[in-house]
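Structure first, then comments.
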Amino acid sequence: MQIENLRKHYPGAENTALQGLSLNFKKGIIAGLLGPNGAGKTTTISIICGLVKADSGLAKVLELDCSNDIIEIKKKIGVVPQQFALYPQLTGKENLEYVGRLYNIPSKSLKGKVSEMLAHFGLEKHANKRVSQYSGGMKRRANIIAGLLHNPELLILDEPTAGVDVQSRNMILDFLKQYNVQGNTIIYTSHLLEEAEKICDDVAIIDEGKLIAQASPKQLIASAEGCNSLEDVFLFYTGRTVRE
Ligand SMILES: Nc1ncnc2c1ncn2[C@@H]1O[C@H](COP(=O)(O)OP(=O)(O)OP(=O)(O)O)[C@@H](O)[C@H]1O
């Protein structure tokens, strides 16, 4: 992913969401896009996925231009949004089969793939339950499956472990590591810095729509004075003031 001097001001908004954001993530890694509330993480992801149009600047993924090649990009990337992208009145299985059809997964293989993923994420017993009856952790896991059913080479997740218990979180993180080992790239946002420190190869800390620091968690910790963890580094660069 390559972002250069990206700017975005939402019409009528008080603050500018992205103020010349530049950053690169290499292929094949697990990358963390970190920042306080309102830093511009979701806006960045939305521009990459073609959901939001930047005012200016360049955004490329997999050598494709996010403002022109969005149809091609959508085939190759998977996006797991912060909000659940599931129909509450449909069962988990129905939701995922619907998503699979949107991605043109052949119906012959779709049912098998959905069953396999439901089992992998510990949801096989709940496949025929309506999503409205799922717990928060179950919805999170189903939401992740919906983003990767088509086997994307780049998976982008916006706070995939928000509000889940330790068991679900471990399952999700183990899956992400495994998916990465298979050669896929992962970019994810999280407010859980201990988690990001454990799984990310490269971390970009952004604040007020700009890049503040980028390196591996180890390098960031070593180069920021008095810091022993990624959370220390985060506070070192972004301060202790509570954001709106
Ligand atoms: N649709 C919108 N209309 C107006 N302003 C918006 C809109 N979406 C985001 N913003 C503003 O843009 C800025 C960046 O928001 P964004 O959601 O990208 O941040 P974030 O880093 O993802 O935050 P969080 O960690 O809280 O999810 C904030 O000031 C936010 O209020």
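It should be emphasised that the depicted structure is a prediction, and the values quoted were computed from it without experimental measurement. One-based numbering, in listed order, for ligands and for the atoms of each.
Among all non-hydrogen protein atoms, the one lying nearest atom 19 (O) of ligand 1 is G40 N, 3.2 Å. Looking at atom 9 (C) of ligand 1, its nearest protein heavy atom turns out to be Y10 CE1, 3.3 Å. Scanning the protein heavy atoms around atom 26 (O) of ligand 1, the nearest turns out to be N37 ND2, 2.9 Å. The nearest heavy-atom contact from the protein to atom 18 (O) of ligand 1 is T43 OG1, 2.5 Å. Here the protein heavy atom with the shortest distance to atom 17 (O) of ligand 1 is T42 CB, 3.7 Å.
Ligand 1 has at least one atom lying under 4.0 Å from a heavy atom of H191. Assignment of Q82 to the shell around ligand 1 is supported, since a heavy atom sits closer than 4.0 Å. Distances shorter than 4.0 angstrom do not occur between any heavy atom of S46 and any atom of ligand 1.
Residues V131 and K139 form a side-chain contact, since some pair of their non-hydrogen atoms from C-beta on lies under 4.5 Å apart.
Cluster annotation: I199 and V80 are assigned to the same hydrophobic cluster (Ile/Leu/Val/Met/Phe/Trp/Tyr, side-chain heavy-atom contacts under 4.5 Å, transitive).
N95 contributes atom CG, which lies 10.5 Å from atom CD of Q89 (distance to the nearest 0.5 angstrom). Interatomic distance, CD of E4 versus OG of S56, reported as 12.0 Å (0.5 Å rounding). Atom-to-atom distance recorded for I3:CD1 and S22:OG is 8.5 Å, nearest 0.5 angstrom. Interatomic distance, CG of L102 versus NE2 of H150, reported as 11.0 Å (0.5 Å rounding).
Using a 4.0 Å threshold on non-hydrogen atoms, atom 31 (O) of ligand 1 does not count as touching the protein.
Proximity to P36 (heavy-atom distance under 4.0 Å) selects the following atoms of ligand 1: 21 (O). When each atom of ligand 1 is checked for a heavy atom of A39 under 4.0 Å away, the hits are 19 (O), 20 (P), 21 (O). Atom numbering of ligand 1 starts at 1 in the shown order; those under 4.0 Å from a heavy atom of A13 are 4 (C), 5 (N).
The main-chain N or O of V52 is never found under 3.5 Å from a side-chain atom of S46 such that the two would form a donor-acceptor pair.
At under 3.5 Å, not a single nitrogen or oxygen of A17, backbone or side chain, sits near a nitrogen or oxygen of ligand 1.
By the ring-ring contact (aromatic ring centres under 6.0 Å, His included) test, F121 is found to be paired with F175, residues two or more places apart in sequence or in another chain being considered.
A salt bridge between K60 and D69 is absent, with no side-chain N of the basic residue lying under 4.0 Å from a carboxylate O of the acidic one.
Scanning K41, R243, E208 for the heavy atom closest to atom 21 (O) of ligand 1 points to K41. Considering only non-hydrogen atoms, atom 23 (O) of ligand 1 lies nearest to G38 out of A162, G209, G38.
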Criterion side-chain contact (heavy atoms from CB on, under 4.5 Å) on L123 and M138, from CA distance to verdict: CA-CA 7 Å; L123 291 169; M138 285 157 68; 3.7 Å; yes
